Amino acid sequence: MNFSEQIISWYNDNKRELPWRNTTDAYIIWLSEIILQQTRVEQGLPYFYRFLERFPDISSFANAREDEILNLWQGLGYYSRGRNMLKTAQLIQDQYNGVFPVKYDDLIKLKGIGEYTAAAISSFAANETRAVVDGNVSRVLARYLGIDEPINSTKGKKIFQNIADELLDLNDPATHNQAIMEFGAIICKPKNPACGTCVLRLDCVAFKTNAIKYLPVKLKKVKIRERFFNYLLITDGEKILMNKRGENDIWANMYEMPLVETNTLLEIDELVKLPQLQQLGDKMAIKGHTTIIKHVLTHQHLYIRFIELRDFPENLQKGWFYTDVNNLDKLALPRSIFIFIKKFFNF
DNA sequence: AACCCGGGGAG
DNA sequence: CTCCCAGGGTT
């Protein structure tokens with residue numbers, strides 16, 4: 001058996017039952033693929049069900065409001081995925097008469113769909129012969145063939161895509177693609193791969209040369225920025241002052257309390273002297289504050305605390321608005337904000 | 001090519 | 001702690 005036959009044979013015996021398999025509905029496949037970008041299957045599963053129930057087809061998705069999509073996406077991270085999905089759904093509604101495209105060359109033009117996702121949808125929905133290359137695939141290939149080119153360099157991506165294309169089963173690209181990803185997730189795992197039960201181990205260069213530990217090679221990641229977020233908690237228990245975030249920074253278009261960001265960690269009494277706080281009114285006083293929570297993102301470490309003010313401010317800044325506390329569950333909140341609010345108001 | 005964009009789980 | 005997950009967009 002060649003590589004593809006071995007992988008597919010293993011897959012038929014060992015695959016998980018996942019709800020987005022056994023369908024050729026491009027909309028459902030698209031939904032699952034976007035949710036699963038940089039996301040583990042277990043984490044994405046409940047979101048997949050939630051979205052499919054609320055938006056059973058492309059037209060219901062296209063008619064949604066961005067706020068509702070972000071609210072449903074809350075907690076999953078990489079929120080631009082949700083915003084891009086709305087744009088794509090609207091474009092498909094308008095320019096494709098609501099029929100989801102299944103050709104790679106059409107898919108690749110859509111917002112939020114790159115090489116991987118275009119290959120996945122076109123092969124799963126229409127058996128187009130496009131090889132997927134995700135983290136699983138590049139890891140399997142790097143080990144099996146003993147390739148030490150970094151999988152995330154421009155050159156490396158080209159190399160692994162070319163190899164994946166050559167190995168692809170042209171008669172059943174869909175199953176081949178599913179199989180190699182599943183194999184990477186279950187057997188050829190990043191750490192402690194199950195080489196003992198691997199059907200490819202006798203042909204695997206990394207296994208034969210004891211190089212599993214060192215493959216795949218990946219380029220170093222960039223340095224992490226530290227930021228200090230002081231959130232102003234202004235509430236009487238029934239209404240609360242909130243802010244809608246802008247387009248550019250993290251958590252774009254999502255909601256939070258009024259934010260005072262500082263470059264360093266300030267003591268509470270230093271914080272009160274800041275112009276952002278002085279501008280709020282004449283006699284602004286602090287009622288209390290929380291300890292600092294460290295919120296870890298891929299490129300940033302956020303040090304977050306919540307400062308409760310005694311009175312409502314006289315002057316509101318742009319983007320600030322009062323809302324009923326009972327309305328908070330309808331707003332898309334960053335995870336750390338959501339957790340704090342839940343605890344504070346006893347939700 | 002480098003950087004940005006979340007949150008969670010494994011080891 | 002570190003690494004990585006069914007990646008993609010922007011500069």
Side-chain angles (χ1 to χ4, degrees), chain A residues 11 15-16 18-21 29-48 70 73-85 87-88 107-121 123-124 131-140 150-158 160-161 164 174 177-186 188-193 213 216-225 227 245-254 293-302 304 332-339:
Chain A
Y11 176 71
K15 67 181 169 189
R16 295 168 287 183
L18 298 175
W20 44 82
R21 291 177 178 160
I29 294 168
W30 170 67
L31 185 59
S32 70
E33 289 302 337
I34 305 294
I35 286 175
L36 291 173
Q37 286 170 1
Q38 292 293 287
T39 305
R40 293 172 198 281
V41 167
E42 312 85 73
Q43 190 187 2
L45 253 172
Y47 288 85
F48 172 77
L70 290 177
W73 204 272
Q74 182 177 299
L76 195 54
Y78 285 153
Y79 297 92
S80 64
R81 290 182 288 174
R83 291 185 282 119
N84 285 334
M85 282 182 97
K87 290 177 194 162
T88 288
L107 292 163
I108 195 70
K109 296 173 184 164
L110 302 174
K111 283 277 187 194
I113 296 183
E115 285 184 45
Y116 162 77
T117 306
I121 299 175
S123 66
F124 298 154
V132 295
V133 179
D134 70 336
N136 292 308
V137 174
S138 50
R139 182 173 60 254
V140 169
I151 60 173
N152 58 339
S153 68
T154 304
K155 185 178 171 190
K157 285 183 206 167
K158 242 176 224 156
F160 286 102
Q161 182 69 58
N177 280 338
Q178 294 277 10
I180 188 169
M181 287 194 284
E182 187 80 339
F183 184 81
I186 305 290
C188 200
K189 299 176 291 184
K191 287 173 186 171
N192 301 322
K213 238 187 103 177
V217 174
K218 205 166 182 177
L219 257 35
K220 48 145 180 44
K221 61 174 197 286
V222 294
K223 69 174 193 298
I224 291 169
R225 178 160 66 124
R227 303 174 71 177
R245 293 181 61 84
E247 289 278 1
N248 297 323
D249 204 353
I250 56 169
W251 302 327
N253 295 0
M254 294 173 71
I293 299 161
K294 186 175 180 184
H295 186 88
V296 177
L297 304 178
T298 306
H299 295 274
Q300 304 181 23
H301 286 177
L302 309 180
I304 300 175
L333 306 170
R335 194 74 180 122
S336 48
I337 309 276
F338 177 73
I339 289 171

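Because the structure is a prediction, the values reported are computed rather than measured. First the proteins, then the strands, lettered A, B, ... as listed; each starts at 1.
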Student: Considering every strand and a 4.0 Å limit on heavy-atom distances, what is the contact class for Thr298(A): base, sugar-phosphate, or nothing?
Tutor: base
Student: Between Glu115(A) (side chain) and Ile108(A) (backbone), is there a donor-acceptor pair under 3.5 Å?
Tutor: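 No.
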Student: To the nearest Å, give me how far apart CD1 (Ile224(A)) and C1' (dC3(C)) are.
Tutor: 11 Å
Student: Can you identify which nucleotide, out of dG6(B), dC4(C), dG7(B), has its nearest atom closest to the Pro190(A) side chain?
Tutor: dC4(C)
Student: Counting side-chain heavy atoms from CB outward, which of dG11(B), dC5(B), dC5(C) is closest to Asn192(A)?
Tutor: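 So the side chain of Asn192(A) is nearest to dG11(B).
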Student: Where the side chain of Lys294(A) is concerned, which of dA6(C), dC4(C), dC1(C) is the nearest nucleotide?
Tutor: dC1(C)
Student: Select from Gly114(A) and Pro216(A) the residue whose nearest nucleotide in DNA chain C is closer to the 5' end of that strand.
Tutor: Pro216(A)
Student: Need one value for Asn177(A): base, sugar-phosphate or nothing, where a base atom within 4.0 Å counts as base even if backbone is also close, heavy atoms only.
Tutor: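 Counting heavy atoms under 4.0 Å across all strands, no contact is made by Asn177(A).
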Student: Any side-chain to backbone donor/acceptor pair from Glu182(A) onto Arg16(A)? Under 3.5 Å, distance only.
Tutor: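 Side chain of Glu182(A) to backbone of Arg16(A), a donor-acceptor pair under 3.5 Å: yes, one is there.
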Student: Counting only side-chain nitrogens and oxygens, does His295(A) get under 4.0 Å of the OP1 or OP2 atom of dG7(B)?
Tutor: yes
Student: Remember a base hit wins even if backbone is also touched, and classify Gln178(A) as base, sugar-phosphate or nothing at under 4.0 Å, heavy atoms.
Tutor: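 Since a base atom lies under 4.0 Å of Gln178(A), the category is base.
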Student: If you check every side-chain atom of Arg21(A), which of dG9(C), dA6(C), dC5(B) has the closest atom?
Tutor: dA6(C)
Student: Atom OH of Tyr78(A) to atom P of dC5(B): distance rounded to whole Å?
Tutor: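 Those two atoms, OH and P, are 10 Å apart.
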Student: Send over the distance from Leu36(A) CG to dG8(B) C1', rounded to a whole Å.
Tutor: 14 Å
Student: dA2(B) P sits how many Å from Lys157(A) NZ, rounded?
Tutor: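 Distance, rounded to whole Å: 11 Å.
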Student: Would you mind classifying the nucleic acid contact of Trp20(A) as base, sugar-phosphate or nothing, using non-hydrogen atoms under 4.0 angstrom?
Tutor: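 Base: the residue Trp20(A), judged by heavy atoms under 4.0 Å, touches a nucleobase.
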Student: Any non-hydrogen side-chain atom of Val132(A) less than 4.5 Å from a side-chain atom of Gln178(A)?
Tutor: no
Student: What contact category does Leu76(A) fall into here, base, sugar-phosphate, or nothing, at under 4.0 angstrom with non-hydrogen atoms?
Tutor: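 Since a base atom lies under 4.0 Å of Leu76(A), the category is base.
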Student: Would you say Tyr79(A) reaches dG7(B)'s phosphate, i.e. side-chain N/O to OP1/OP2 under 4.0 Å?
Tutor: yes
Student: Distance check: side-chain N/O of Ser32(A) vs OP1/OP2 of dA6(C), anything under 4.0 Å?
Tutor: no
Student: Ignoring hydrogens and geometry beyond distance, is the side chain of Thr117(A) in donor-acceptor contact with the base of dG7(C) at under 3.5 Å?
Tutor: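 Checked by distance alone, the answer is no.
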Student: Where the side chain of Arg245(A) meets the backbone of Ile250(A), is there a donor-acceptor pair that is under 3.5 Å apart?
Tutor: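 It does hold such a pair.
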Student: Toward the 5' end of DNA chain B, which comes first, Leu219(A) or Leu333(A), by nearest nucleotide?
Tutor: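 Checking each residue's closest nucleotide, the 5'-ward one belongs to Leu219(A).
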Student: Output the single nucleotide from dA6(C), dA1(B), dT2(C) whose closest atom is nearest the side chain of Lys191(A).
Tutor: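 Comparing dA6(C), dA1(B), dT2(C) against the side chain of Lys191(A), the answer is dT2(C).
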Student: For Gly75(A), report the nucleic acid contact type (base, sugar-phosphate, nothing); a contact means any heavy atom under 4.0 Å.
Tutor: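 Touches sugar-phosphate only.
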Student: What's the CG-P distance between Asn136(A) and dC5(C), to the nearest Å?
Tutor: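 Rounded to whole Å, this separation is 6 Å.
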Student: Are any of Gln37(A)'s side-chain N or O atoms less than 4.0 Å away from OP1 or OP2 of dG7(C)?
Tutor: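 No, because none of the side-chain N or O atoms of Gln37(A) sits under 4.0 Å from OP1 or OP2 of dG7(C).
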Student: Report yes or no: does Ser32(A) contribute a side-chain atom to a donor-acceptor pair with the main-chain N or O of Trp30(A) at less than 3.5 Å?
Tutor: no
Student: In whole angstroms, how far is the C1' atom of dC5(C) from the CD atom of Glu42(A)?
Tutor: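 Glu42(A) atom CD is separated from dC5(C) atom C1' by 9 Å.
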Student: Remember a base hit wins even if backbone is also touched, and classify Gly77(A) as base, sugar-phosphate or nothing at under 4.0 Å, heavy atoms.
Tutor: base
Student: Taking only the P atom of each, what is the distance from dC5(B) to dA6(C) in whole angstrom?
Tutor: 23 Å
Student: Given dC5(B), is OP1 or OP2 found less than 4.0 Å from the side-chain N or O atoms of Gln300(A)?
Tutor: yes
Student: Do any side-chain nitrogens or oxygens of Arg139(A) fall under 4.0 Å of OP1 or OP2 in dC5(C)?
Tutor: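 True: Arg139(A) side-chain N/O within range (under 4.0 Å) of dC5(C) OP1/OP2.
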Student: Examine distances only and state if a side-chain atom of Arg81(A) and a backbone atom of Ile35(A) form a donor-acceptor pair shorter than 3.5 Å.
Tutor: yes
Student: NZ of Lys218(A) versus C1' of dT2(C): gap in Å, rounded?
Tutor: 12 Å
Student: If you check the Arg40(A) side chain, which of dG9(B), dG6(B), dC4(B) turns out closest?
Tutor: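 That would be dG9(B).
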Student: If we take the P atom in both dT11(C) and dG6(B), what is their distance in whole Å?
Tutor: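 These two P atoms come out 15 Å apart once rounded.
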Student: Measure from the side chain of His299(A), starting at C-beta and using heavy atoms only, and say which of dC5(B), dC5(C), dA6(C) lies closest.
Tutor: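 Between dC5(B), dC5(C), dA6(C), the one nearest the side chain of His299(A) would be dC5(B).
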Student: Among dG9(C), dG7(B), dA6(C), which is the nearest nucleotide to the side chain of Trp251(A)?
Tutor: dG7(B)
Student: I want to confirm an ordering. Mapping Lys189(A) and Val296(A) to their closest nucleotides on DNA chain B, which one lands closer to the 5' end?
Tutor: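 Mapping each residue to its closest nucleotide by heavy atoms, the 5'-most match is Val296(A).
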Student: Please check if atom CD in Gln74(A) has more than 12 non-hydrogen atoms from other residues, nucleotides or ligands closer than 6.0 Å.
Tutor: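 Yes - once you tally the heavy atoms of other residues, nucleotides and ligands closer than 6.0 Å, there are more than 12.
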Student: Let's see if you can work this out: which of dG6(B), dT10(C), dG8(C) has an atom nearest to the side-chain heavy atoms of Lys111(A)?
Tutor: dT10(C)
Student: Among dA6(C), dC4(C), dG6(B), which nucleotide sits nearest the side chain of Ile250(A)?
Tutor: dG6(B)
Student: Rounded to the Å, how far apart are Lys220(A) NZ and dA1(B) P?
Tutor: 12 Å
Student: Does any part of the side chain of Asn136(A), heavy atoms only, come nearer than 4.5 Å to the side chain of Ile180(A), both counted from C-beta?
Tutor: no
